[in-house]
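Have a look at the structure below, then the notes.
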Amino acid sequence: MQSIVRAFIVVTLSGLYAPWTPARASPPPASFLFLIQQRCDVPTALPGDPACRTMRPVEPGEDPLYRLSNGAEGEGRIDMVNLPIERHGKWRVVSPDAHVNVTDATTGIKGGVSVEGVGARFLSVLGSWSPVAVSHFTNAACDAMPDNSDRFLDSWVLGPAQDGTAMAGHGETRSGNLTRYEGETDGPGCPARLRKAAYSWIRQDYTYRSGRRFPSLVSVHYSAASPQGGPGEAEQRERLYLAWGLGLARWEKWSREDWHNPKTGETALDQARRVFVSGRCNTPIDDRDQGDGVTYGAVSSDGTYAEAIRTAPDSPAHRWVLTQCQDYTSLRAGPTRDLQQMSAGASSEFWR
């Protein structure tokens with residue numbers, strides 16, 4: 001643990017990473033830097049390379065000159081970037097991802113834009129794109145400000161906004177989901193209902209599938225919360241990895257082993273075996289007990305990536321398996337104009 005703490009102190013306090021003083025607006029909180037890409041002092045080096053000794057964050061409108069990728073070639077390849085945008089004094093990060101070689105009759109490429117930001121308490125996901133729809137996550141104060149983008153902050157928790165030295169945290173949120181389908185017009189509004197969801201996060205160095213190692217902020221968002229604030233009877237969870245120097249770098253979806261898809265009948269184990277065989281992701285990071293009554297076993301890798309989780313002291317342990325995963329740390333050098341153009345598709349609602 002002490003070595004992990006030292007690593008984060010070096011990254012955040014020692015000055016090895018150049019201070020960010022963007023010219024067009026006052027700088028956002030330092031924790032914002034966990035969300036965005038950075039460039040190395042050596043032009044030919046990429047984050048995670050031995051030659052990359054110091055880094056600086058990319059400026060709004062600047063091309064990082066490299067893209068994150070899931071490592072696939074041809075069909076199945078996904079590229080993305082994590083770029084800062086400031087409008088009306090509000091800082092957000094846009095994460096457009098392009099599904100390469102998957103053509104769409106309208107746009108010529110399949111893809112969309114997710115958005116992250118910093119609230120008073122947390123780094124959080126404001127909006128998440130999927131091939132089905134875009135989800136806008138609102139907080140419990142939405143009804144009081146249905147036309148203000150601050151209603152999206154502190155909803156889907158990624159980690160702390162202020163405390164740069166804490167190594168772990170947990171809690172629950174009350175949030176809602178405004179689902180926007182293709183062709184629908186964005187505008188003021190709040191979801192009809194809110195629901196509770198348990199979350200946790202840890203800071204730890206992690207070696208990704210690419211072999212690149214980064215100080216990382218790893219968050220877990222459960223599909224439910226118990227009255228005591230733990231995951232309760234949740235059957236699914238998502239984990240997001242923020243890598244210092246890259247921003248959002250990995251996404252995982254986990255399901256309880258006894259879960260099955262109600263539409264297709266496919267079981268969690270069917271999905272988990274397919275993910276394991278695909279090689280898209282290496283062994284996930286271990287969760288960490290935090291004194292909240294939730295206990296975790298070590299992640300195993302015998303035909304599936306699996307973990308035993310007890311969500312409360314008086315609850316039975318359930319086996320959870322990794323059912324979906326994308327690791328975006330296979331970096332590709334070169335201009336990212338196509339992805340920057342995609343970022344223009346982010347809803348103005350996130351800056352209103």
Side-chain angles (χ1 to χ4, degrees), residues 31-37 68-70 78-84 92-97 112-119 121-130 134-137 139 152-161 166-173 175 177 197-210 212 214-223 231 234 236-255 275 280-288 290 296 299 305 307 309 320 322-330 350:
S31 57
F32 188 81
L33 301 185
F34 244 120
L35 297 171
I36 63 177
Q37 286 176 244
L68 286 68
S69 184
N70 67 347
I78 304 175
D79 292 349
M80 68 179 296
V81 289
N82 298 301
L83 304 176
R92 307 288 187 250
V93 174
V94 293
S95 301
D97 65 274
V113 183
S114 298
V115 180
E116 302 89 48
V118 183
R121 300 177 60 201
F122 301 114
L123 306 177
S124 57
V125 180
L126 282 59
S128 178
W129 176 87
S130 78
V134 178
S135 296
H136 294 189
F137 304 113
N139 56 44
F152 301 119
L153 299 173
D154 294 345
S155 49
W156 187 297
V157 173
L158 294 172
M167 301 303 295
H170 62 88
E172 69 171 48
T173 60
S175 60
N177 183 356
Y199 69 84
S200 64
W201 55 266
I202 60 173
R203 297 178 191 257
Q204 188 167 316
D205 289 1
Y206 176 70
T207 302
Y208 291 80
R209 177 181 177 272
S210 61
R212 298 175 185 272
F214 297 97
S216 298
L217 179 59
V218 183
S219 64
V220 181
H221 182 96
Y222 286 90
S223 60
Q236 300 199 47
R237 65 179 195 156
E238 294 185 47
R239 290 212 294 189
L240 295 173
Y241 293 55
L242 303 177
W244 184 273
L246 300 182
L248 179 61
R250 177 165 164 141
W251 168 77
E252 299 174 354
K253 183 174 181 291
W254 293 72
S255 300
V275 168
R280 287 198 301 266
C281 290
N282 59 327
T283 303
I285 201 168
D286 284 329
D287 286 290
R288 188 185 308 161
Q290 300 192 30
Y296 304 93
V299 174
Y305 294 119
E307 180 178 15
I309 302 177
W320 290 65
L322 182 66
T323 55
Q324 295 184 49
C325 185
Q326 294 288 350
D327 183 309
Y328 299 103
T329 60
S330 295
F350 296 117

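Predicted model, so just to flag it, every value in this text is computed and none were measured. Any value given below was found using the heavy atoms of this structure, including those in side chains, with hydrogens, waters and symmetry copies removed. Numbering of residues begins at 1 and proceeds along the displayed sequence.
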Inset, instruction - Using modelled atom types only, decide if a donor and an acceptor are shared between the side chain of Asn139 and the backbone of Asp154 within a distance under 3.5 Å. - result: no
Legend entry - Side chain proximity check, Pro284 to Arg250, heavy atoms < 4.5 angstrom: yes
Inset, instruction - Determine the minimum heavy-atom distance between Tyr241 and Glu252, stating which atoms define it. - result: OH-OE2, 2.6 Å
Inset, instruction - For the residue pair Gln326 and Asp97, establish whether any side-chain heavy-atom pair is separated by less than 4.5 Å. - result: no
Legend entry - Residue pair Gly119 / Ala161: nearest heavy atoms and the distance that separates them: O-CB, 3.4 Å
Legend entry - Min side-chain heavy-atom separation Ile202-Ile285 under 4.5 Å: yes
Legend entry - Side-chain donor/acceptor of Ser200 to backbone N/O of His170, under 3.5 Å: no
Inset, instruction - Please answer whether the main-chain N or O of Cys281 pairs with a side-chain N or O of Tyr305 as donor and acceptor at a distance below 3.5 Å. - result: yes
Legend entry - Arg288 (side chain) donor-acceptor with Met167 (main chain) under 3.5 angstrom: yes
Inset, instruction - Would you mind reporting whether Trp156 and Thr173 have side-chain heavy atoms less than 4.5 Å apart? - result: no
Legend entry - Side-chain donor or acceptor of Asn282 paired with backbone N/O of Thr207 under 3.5 Å: yes
Legend entry - Spatial distance of atom CG (Leu248) from atom CD (Gln37) [nearest 0.5 Å]: 10.5 Å
Inset, instruction - Quick one: closest heavy-atom pair of Val125 and Ser155, and the distance? - result: O-OG, 3.4 Å
Inset, instruction - For atom CZ of Arg280, decide whether the heavy atoms of other residues, nucleotides or ligands shown that lie under 6.0 angstrom number more than 12. - result: yes
Inset, instruction - For residues Ser216 and Ala243, report the shortest heavy-atom separation together with the two atoms involved. - result: OG-CA, 4.1 Å
Inset, instruction - Would you give the length of the straight line joining atom OG of Ser219 to atom CG of Leu240, rounded to the nearest 0.5 angstrom? - result: 4.5 Å
Legend entry - Reported OG1-to-CH2 distance for the pair Thr323 and Trp320, which is rounded to 0.5 angstrom: 9.5 Å
Inset, instruction - Report the distance from atom OG of Ser175 to atom CG of Leu153, rounding to the nearest 0.5 Å. - result: 12.5 Å
Inset, instruction - Give a yes or no answer on whether the side chain of Asn177 reaches the backbone of Ser135 with a donor-acceptor pair at less than 3.5 Å. - result: no
Legend entry - Distance (rounded to the nearest 0.5 Å) between Glu116 CD and Ser124 OG: 9.0 Å
Legend entry - Reported OG-to-CD distance for the pair Ser255 and Glu238, which is rounded to 0.5 angstrom: 9.5 Å
Inset, instruction - Please confirm whether the backbone N or O of Arg212 pairs with a side-chain atom of Ser210, one donor and one acceptor, at under 3.5 Å? - result: yes
Inset, instruction - For the residue pair Glu172 and Tyr222, establish whether any side-chain heavy-atom pair is separated by less than 4.5 Å. - result: no
Legend entry - Heavy-atom closest pair, residues Trp201 and Leu158: CB-O, 4.0 Å
Inset, instruction - Look at the side chain of Ser128 and the backbone N and O of Ser114, then say whether any donor-acceptor pair between them is shorter than 3.5 Å. - result: no
Inset, instruction - Measure across Gly159 and Leu217 and return the closest heavy-atom pair with its distance rounded to 0.1 Å. - result: CA-CD2, 4.0 Å
Legend entry - Worked verdict on Phe34 versus Arg203 for side chain to side chain contact (heavy atoms under 4.5 Å, CB included): CA-CA 11 Å; Phe34 244 120; Arg203 297 178 191 257; 3.5 Å; yes
Inset, instruction - Please examine the side chains of Leu322 and Val299, heavy atoms only from C-beta on, and report whether any two atoms are closer than 4.5 Å. - result: no
Inset, instruction - Examine distances only and state if a side-chain atom of Asp287 and a backbone atom of Tyr296 form a donor-acceptor pair shorter than 3.5 Å. - result: no
Inset, instruction - Would you mind reporting whether Phe214 and Leu246 have side-chain heavy atoms less than 4.5 Å apart? - result: yes
